[in-house]
Amino acid sequence: MAMPQNSTGENGFCFAQTLDFSCLSPPPSDAGRTCGTPLSNGTASSSVPSPSDCAKPLCSTTPGEEEPQFSEGIKYVSAEGEELACGWGGFTPGCLQLFNTSKGVLFFLCVASFLQGMTVNGFINTVITSIERRFDLRSYQSGLIASSYDIAACVCLTFVSYFGGNGHKPRWLGWGVLVMGLGSLLFALPHFTTGRYEARSAAEVGVCGGNQSLPCAQAASSLSSYRFVFMLGQFLHGMGATPLYTLGVTYLDENVKTNYSPVYIAVFYTAAILGPAAGYLVGGMFLNIYTEIGREIDIAPENTLWVGAWWIGFLGAGAASLLISIPILGYPQRLPGSQRYIVMRVSEAHQLKDGSHKKASDPDFGKTVKDLPRSVLLLLKNPTFIFLCLAGATEATLIAGMSTFGPKFLESQFSLSASEAATFFGYLVVPAGGGGTFLGGFLVNKFKLRCSGIIKLCLLCTVSSLLAIFIFFIHCPNMPMAGVTQMYEGSALPGGHLNLTAACNAECHCLQETYSPVCGSDDIMYYSPCHAGCKRVSKNLRNGKKVYQECSCVEKTLLPSPGDAEAGKCTSSCAKRPLLLFFMFVVILFTFLSSIPALTATLRCVSDRQRSFALGIQWIVVRTLGGIPGPIAFGSMIDKSCLLWQDQCGEQGSCYVYQNSAMSRYTLIAGLVYKVLGTTFFIVACLLYKPPPTESAPGSSGASENGNCDLQEHKPSLSAEEHI
């Protein structure tokens with residue numbers, strides 16, 4: 001069946017003339033047919049092939065010869081007899097074939113990566129503070145929850161990338177997305193299996209003279225055991241997402257033209273970056289809803305006892321993941337017409353001195369378990385690949401740490417509520433992360449960069465973000481808090497010790513278990529209305545917040561209401577906020593700008609048959625050295641900068657107040673160490689890269705665009721074999 005003239009392919013380029021894909025293989029007696037391999041402009045090479053070279057070639061019939069008859073309807077079948085129609089088993093309706101293109105695959109994979117990013121890197125990072133508060137967790141425990149995702153990925157990556165890379169990729173992808181959806185539903189489960197959250201409001205126990213004894217409930221301490229349920233949910237997230245960023249990337253790369261591959265991968269990863277941004281924004285909105293929906297509560301979201309509806313996002317994302325897995329499971333092992341791109345591809349694999357890289361070109365290589373050690377050895381002997389992995393690990397450490405605790409950093413520096421900080425961080429990640437990811441792929445495609453040029457681009461991005469990270473030399477000062485950052489008389493606390501009792505509140509007998517900060521009319525924060533010496537609660541709200549009156553510790557001013565205090569933290573008026581936010585934007589932008597070029601360089605520096613496995617090994621290195629220790633290290637580091645810990649009946653709970661200067665200092669040290677290491681690794685990768693000889697890798701952009709590239713002799717099985 002001939003394809004119409006000037007028909008536009010799914011990648012946006014046209015065929016110059018009619019292509020004739022009329023038969024699969026000639027009978028031995030047919031002397032009137034000419035065997036050849038089609039090039040992208042529709043011509044065929046007229047050389048006479050050997051029988052081994054023409055096992056299943058494309059053929060053209062001579063005039064007057066009768067064309068073979070086919071059954072009615074469109075049926076996509078490859079030369080090996082593969083079914084290339086989109087569907088589930090024997091159910092392959094014609095309407096589904098509209099999506100049986102690279103753009104169709106890209107759409108569904110983008111939705112899947114968006115949901116993964118929104119759940120794992122968005123919702124979880126947004127609700128970390130709320131989960132810590134609700135289930136009495138410390139920062140290193142919540143860091144361990146975040147790292148469980150990467151632990152699962154490390155466990156599954158070798159198996160999935162090796163066998164999935166040589167198997168039916170869409171099925172691996174579909175089942176992975178389904179498992180990811182189950183993980184989201186499991187993550188929300190603790191909300192439904194625990195009792196109601198009881199936040200003791202300041203109106204009940206907070207005012208001076210109104211304190212009641214707070215019984216130490218044994219159930220409170222056992223809530224921290226729910227971290228194992230969260231870890232299991234994250235483990236399922238990691239298992240499900242493993243095929244997405246290894247097999248999904250290589251499936252796209254195999255089914256599009258080489259020059260378009262970076263753009264397709266960039267769109268795919270941009271969706272993965274926009275997912276977390278949406279997670280921060282939507283998750284921030286959910287945190288403004290009280291966790292026990294429909295229950296009346298007299299505390300506001302600004303109150304540190306407030307726990308928002310953290311679980312809603314996981315229910316929605318889980319249901320959406322289960323739905324999106326269905327169409328992904330219906331895709332064929334490869335898309336119709338994809339073989340012509342494989343024929344046109346030019347190898348840029350790193351050349352090993354002993355020539356062992358040629359083993360990977362064997363069509364039978366990697367199909368059995370016995371080839372696994374040899375495949376690993378080939379990658380370990382590739383220095384460019386190794387140092388790209390190490391550079392990726394350093395970047396992943398910063399990304400994992402900052403994405404987990406970035407909202408907490410903003411919450412502390414700018415004195416924001418958890419929902420405000422999450423929304424703020426989302427506004428940073430949307431343009432910086434998403435824009436940087438897409439721009440990286442666009443630059444590779446725009447300038448037709450070869451592998452060495454791509455690594456140099458990564459190096460430039462890393463150096464730029466390294467310079468911008470010095471912004472963490474500055475920080476916003478802590479809002480003054482009586483008894484925590486300063487004494488009640490205004491002098492500094494000796495040795496940084498807490499002293500919440502003063503003459504003005506000594507008769508109130510305030511409990512330290514009741515943390516409900518208020519902002520006095522003197523712009524000083526107090527631990528609770530009781531610690532501010534407030535005697536009564538006003539019935540009128542001010543700016544939507546509860547107002548406490550007759551506060552003996554609050555210095556009386558000339559304001560109409562002397563000695564008042566508002567519920568919630570004092571608003572920060574830090575003059576350095578715009579500068580700090582701008583350079584954080586720059587750091588995020590250039591960090592993500594190098595992500596797609598680094599991924600493209602990894603795909604280019606290894607042999608075609610090792611691409612999925614190479615991505616799997618890279619993800620193991622990145623997660624083992626970066627993704628797993630990143631949140632744990634950042635969580636421990638942030639714990640060191642804590643000024644005020646929650647007191648749970650004599651046991652230490654989560655942190656209430658952080659020291660901003662220490663938090664910025666630790667962030668700067670970590671950023672410098674990892675950015676310097678990343679820069680070093682990219683330099684070494686660039687110096688050690690050895691491209692193929694010029695004659696075996698013709699230049700490329702023109703060759704692959706115009707279809708004039710030489711077919712490699714070592715790829716007899718990669719000739720164009722589709723029948724449309």
Side-chain angles (χ1 to χ4, degrees), residues 114-137 139 141-146 148-149 178-199 219-220 222-238 240-241 275-297 299-301 303-324 403-404 407-408 411 417-423 425-426 631 654:
F114 179 86
L115 289 172
Q116 181 273 336
M118 183 170 67
T119 305
V120 175
N121 301 318
F123 288 150
I124 286 177
N125 297 336
T126 302
V127 304
I128 277 293
T129 306
S130 298
I131 287 177
E132 285 179 1
R133 195 173 296 152
R134 176 68 179 90
F135 296 95
D136 304 328
L137 303 178
S139 288
Q141 292 174 327
S142 56
L144 193 58
I145 292 172
S148 299
Y149 171 85
L178 188 139
V179 169
M180 194 170 68
L182 294 177
S184 296
L185 297 178
L186 180 64
F187 201 93
L189 186 63
H191 170 74
F192 301 97
T193 57
T194 55
R196 281 190 167 189
Y197 176 62
E198 299 290 344
S222 65
L223 286 176
S224 62
S225 300
Y226 275 98
R227 69 183 183 274
F228 297 112
V229 179
F230 294 132
M231 289 169 66
L232 180 58
Q234 274 284 72
F235 199 87
L236 292 180
H237 283 151
Y280 285 119
L281 299 175
V282 177
M285 290 167 50
F286 289 146
L287 289 183
N288 283 321
I289 304 171
Y290 188 61
T291 185
E292 304 292 345
I293 293 180
R295 189 176 175 206
E296 290 290 330
I297 190 75
I299 61 173
N303 193 304
T304 51
L305 296 175
W306 175 276
V307 173
W310 58 271
W311 48 274
I312 297 178
F314 294 99
L315 290 182
S321 296
L322 296 180
L323 287 175
I324 204 67
S403 61
T404 304
K408 184 175 282 191
E411 182 180 345
S417 69
S419 60
E420 288 172 334
T423 306
F425 199 69
S654 58

Looking at residues at least two apart in the chain, or sitting in another chain, which of them share a side chain to side chain contact (heavy atoms under 4.5 Å, CB included) with [X]?
X    : result
N121 : Q116, N125, P276
L322 : L178, L182, L185
T423 : L281, Y427
L323 : none

Handout entry: Y280: partners by ring pair (Phe, Tyr, Trp, His ring centres under 6.0 Å), with sequence neighbours left out
Key = F425

Practice task
Go through the structure and list residues passing ring pair (Phe, Tyr, Trp, His ring centres under 6.0 Å) with Y226, not counting sequence neighbours.
Solution key: F135

Over all heavy atoms of both residues, which pair between [X] and [Y] is shortest? Give the atoms and the distance, please.
X    : Y    : answer
A421 : P407 : CB-O, 3.2 Å
A422 : G284 : CB-CA, 4.3 Å
Y149 : A241 : OH-CB, 3.2 Å
Y197 : R295 : O-NH1, 3.2 Å
F123 : A317 : CE1-CB, 4.2 Å
G183 : H237 : C-NE2, 3.4 Å

Exercise for the section: Check F192, F286, F230, F187 against F314 for a ring-ring contact (aromatic ring centres under 6.0 Å, His included) and give me the one that passes. Expected result: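 Going through the options one by one, the only one that passes is F187.
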
Taking atom [atom1] of [X] and atom [atom2] of [Y], what is their separation to the nearest 0.5 Å?
X    : Y    : atom1 : atom2 : value
W311 : I131 : CH2   : CD1   : 13.5 Å
E132 : D136 : CD    : CG    : 10.5 Å
R133 : T291 : CZ    : OG1   : 11.5 Å
Q234 : S184 : CD    : OG    : 9.0 Å
L186 : L232 : CG    : CG    : 5.0 Å
L236 : S148 : CG    : OG    : 10.5 Å

Practice task
Could you walk me through whether T129 and L287 pass side-chain contact (heavy atoms from CB on, under 4.5 Å), step by step?
Solution key: CA-CA 10 Å; T129 306; L287 289 183; over 6 Å; no

Going by the rule side-chain hydrogen bond (donor to acceptor under 3.5 Å, both in side chains), which residues pair with [X] if we only count those two or more places apart in sequence or in a different chain?
X    : result
T119 : none
S419 : N288, S417
R134 : T194
Q141 : none

Handout entry: Exam field: side chain R227 to backbone I145, donor-acceptor pair closer than 3.5 Å
Key = no

Problem - Partner set under salt bridge (Lys or Arg N to Asp or Glu O under 4.0 Å) for E411, not counting sequence neighbours - result: K569

